[in-house]
Amino acid sequence: MATILNGRELATRIREKIRSRVQALPTRPGLGVILVGDDPASHLYVNLKKQACEEAGIFFELNPYPADIPEQDLISKINELNAREDIHGILVQLPLPSHNANDVIAAINPLKDVDGFHPENLERLRRDEPCIASAVALGVMKLLDEAKARGSACIVSSPLFAAPLEILLKERAIESVIIQAEDVHLADRTRESDILIVAEGIPGLITGEMVKHGATVIDIGTTRTDESLKGDVDFESVEPVAGAITPVPGGVGPMTVAMLLVNILKAYDLQKRSLRLA
Ligand code: GUN
């Protein structure tokens with residue numbers, strides 16, 4: 001039987017620490033969220049982020065838009081949030097209905113990019129310079145640390161999630177291969193890896209016969225189906241093979257929210273410091 005990596009428990013501990021750090025600050029950190037369209041899963045995730053911010057004493061501002069808002073209007077809103085002193089973090093909930101996410105994310109001031117998706121933050125992470133790293137990737141690292149995972153890793157994901165994961169794994173001396181779901185060699189790669197991280201948004205993509213015995217399996221993918229929230233990993237067939245596994249829900253999701261709060265505080269500190277240096 002695999003160890004179940006309880007993201008909810010770990011996240012609660014981190015959120016408590018953040019709450020007491022926020023209480024000690026002279027002013028209140030703030031998060032501005034841009035939510036486009038009416039995807040129920042995105043609305044659910046944004047609501048969880050709102051609850052987490054409010055519980056931690058962080059100001060939360062929601063900016064909702066219809067799916068057909070022009071990209072330039074989103075960028076104008078980001079520029080306004082970039083200039084505001086009460087907003088220390090900006091988050092654009094993904095996926096965007098029809099806009100170019102890379103162009104929209106690139107408009108965020110990297111010092112306020114609390115998701116850690118801005119290319120400048122990725123580049124700074126690669127060069128081991130002060131930056132805001134991807135909240136998802138930081139959450140995954142905490143779970144891997146908890147599992148004391150080591151060996152080789154396979155990341156099944158698009159570059160947005162895979163790139164920061166690859167860098168943070170390398171810092172822990174873990175080499176990784178990145179592969180996409182449609183690759184014909186997918187099962188060969190996943191089967192030879194001690195750590196398997198999946199973020200494709202394809203429910204049940206990874207089944208038991210694709211997993212190395214004793215591997216640590218981290219499921220980032222969450223898809224809302226009619227019945228429930230489903231991960232990319234077929235838990236029933238993988239759990240008996242894996243050494244440790246994250247559940248969906250209750251694994252990576254709560255950790256991403258907790259690390260978002262950590263990043264908001266980091267952004268707050270970086271902005272105060274850059275004001276002092278200016
Ligand atoms: N959609 C799925 N995961 C994420 C995330 O980590 N950040 C944002 N902004 N949107 C997401």
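The existence of a salt bridge linking K77 and E80 is confirmed by a sub-4.0 Å separation between a basic side-chain nitrogen and an acidic carboxylate oxygen. Using a 4.0 Å cut-off between charged side-chain N and carboxylate O, R15 and E55 make a salt bridge. Using a 4.0 Å cut-off between charged nitrogen and carboxylate oxygen, R84 and E61 count as a salt-bridge pair. Under the 4.0 Å criterion applied to side-chain N and carboxylate O atoms, D145 and K148 are not assigned as salt-bridge partners. Ion pairing between E227 and K230 holds under the 4.0 Å rule for side-chain N and carboxylate O. Checked for salt-bridge contact, D194 and R150 miss the test: no charged N lies under 4.0 Å from a carboxylate O. For the pair D39 and R224, the salt-bridge criterion is not met [side-chain N within less than 4.0 Å of a carboxylate O]. A salt bridge links E123 with R127; the closest basic N to acidic carboxylate O contact falls under 4.0 Å.
Of all heavy-atom pairs between C154 and S193, the closest is CB-OG, 3.1 Å. Shortest non-hydrogen contact noted between A162 and S157 is N-OG, 3.6 Å. Closest non-hydrogen pair, P203 versus G201, comes out as CD-O, 3.7 Å. Between A147 and A244, the shortest heavy-atom distance links the atoms CB-CB, 4.3 Å. Of all the heavy atoms in L186 and A181, the pair that sits closest is CD2-O, 3.4 Å. Of all the heavy atoms in F235 and P240, the pair that sits closest is O-CD, 4.3 Å.
In this structure, the side chains of L265 and L25 come closer than 4.5 Å at one or more pairs of heavy atoms. For the pair L74 and Y65, the minimum side-chain heavy-atom distance is below 4.5 Å. V104 is not listed as a side-chain neighbour of I34, based on a closest heavy-atom distance of 4.5 Å or more. By the 4.5 Å heavy-atom criterion applied to side chains, I206 and V211 are counted as neighbours. Looking only at side-chain heavy atoms (C-beta outward), L5 and I218 come within less than 4.5 Å of each other. Residues L196 and M210 fail the side-chain proximity criterion, which asks for heavy atoms closer than 4.5 Å. Using a 4.5 Å heavy-atom cutoff, the side chains of L10 and E146 are in contact. The shortest side-chain heavy-atom distance between N79 and L81 does not fall under the 4.5 Å cut-off.
Around CZ of R19, the count of heavy atoms belonging to other residues, nucleotides or ligands within 6.0 Å does not exceed 12. For E129, the CD atom counts as densely surrounded, since its 6.0 Å shell holds more than 12 non-hydrogen atoms of other residues, nucleotides or ligands. Under a cut-off of 6.0 angstrom, the local environment of CD in E171 is crowded, with over 12 non-hydrogen atoms contributed by other residues, nucleotides or ligands. Within a 6.0 Å sphere centred on CG of D38, heavy atoms belonging to other residues, nucleotides or ligands number 12 at most.
To the nearest 0.5 Å, the span separating OG on S176 from CD1 on I178 amounts to 5.5 Å. Atom-to-atom distance recorded for I105:CD1 and D103:CG is 9.5 Å, nearest 0.5 angstrom. In this structure, L31 CG and D86 CG are separated by 11.0 Å, a value rounded to the nearest 0.5 Å. The distance from the CD1 atom of I264 to the CD1 atom of I18 is 8.5 Å, given to the nearest 0.5 Å. Taking CD of E166 as the start and CZ of F161 as the end, the distance is 15.5 Å to the nearest 0.5 Å. Atom NE2 of H99 is separated from atom CD of Q72 by 11.0 Å, given to the nearest 0.5 angstrom.
A donor-acceptor pair under 3.5 Å is formed between the side chain of N263 and the backbone N or O of A133. With hydrogens and angles disregarded, no donor-acceptor distance shorter than 3.5 Å links the side chain of Q93 to the backbone of V33. A donor-acceptor pair under 3.5 Å is formed between the side chain of R28 and the backbone N or O of G57. Here the side chain of D115 pairs no donor or acceptor atom with the backbone of F117 at under 3.5 angstrom. Without hydrogens or angle criteria, Q271 side chain to H88 main chain gives a donor-acceptor distance under 3.5 Å. Side chain of N82 to main chain of A107: a donor-acceptor pair is present (N/O by atom type, distance under 3.5 Å, no hydrogens or angles). At least one donor-acceptor pair closer than 3.5 Å links the side chain of H118 to the backbone N or O of E120. At least one donor-acceptor pair under 3.5 Å links the side chain of N121 to the backbone N or O of I132. Judged by distance alone, the side chain of H43 and the main-chain N or O of G37 form a donor-acceptor pair under 3.5 Å.
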Note to self: Would L165 and I220 count as a side chain to side chain contact (heavy atoms under 4.5 Å, CB included) here? Give the steps.
What the structure shows: CA-CA 12 Å; L165 281 167; I220 300 176; 4.1 Å; yes
Note to self: The test is side chain to side chain contact (heavy atoms under 4.5 Å, CB included); show your working for M255 and I14 and say whether it passes.
What the structure shows: CA-CA 9 Å; M255 287 305 297; I14 295 169; 3.7 Å; yes
Item checked: side chain to side chain contact (heavy atoms under 4.5 Å, CB included) evaluation trace for L91 with L260 -> CA-CA 9 Å; L91 182 148; L260 170 70; 3.6 Å; yes
Notebook entry, point to check: Would I90 and V114 count as a side chain to side chain contact (heavy atoms under 4.5 Å, CB included) if you check the C-alpha gap in whole Å, the side-chain angles of each, and the deciding distance to 0.1 Å?
Noted result: CA-CA 6 Å; I90 301 171; V114 284; 5.8 Å; no
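L138 and V257 are not part of a single hydrophobic cluster, where members link through side-chain heavy atoms under 4.5 Å apart. Under the 4.5 Å side-chain heavy-atom criterion for grouping Ile, Leu, Val, Met, Phe, Trp and Tyr, V136 is not connected to V233 through any hydrophobic cluster. Criterion: ILVMFWY side-chain heavy atoms under 4.5 Å apart, direct or through other members. Under it, V198 and L143 are not part of a common hydrophobic cluster. Hydrophobic clustering places L160 together with L96 (ILVMFWY residues linked when any side-chain heavy atoms are closer than 4.5 Å, directly or through intermediates). A single hydrophobic cluster is seen to contain both F59 and V92, as judged by linkage of ILVMFWY side chains at heavy-atom distances under 4.5 Å, directly or through other members.
Side-chain N/O atoms of D234 and S237 include a donor and acceptor closer than 3.5 Å. T246 and D219 form no side-chain donor-acceptor contact under 3.5 Å, judged by distance and modelled atom types alone. Between the side chains of Y45 and T222, at least one donor N or O sits under 3.5 Å from an acceptor N or O.
A side chain to side chain contact (heavy atoms under 4.5 Å, CB included) with I195 is found for exactly one of V217, V140, I155, I174, namely I174.
Annotation: cation-pi geometry satisfied between K272 and Y268 (NZ/CZ under 6.0 angstrom from ring centroid, within 45° of ring axis).
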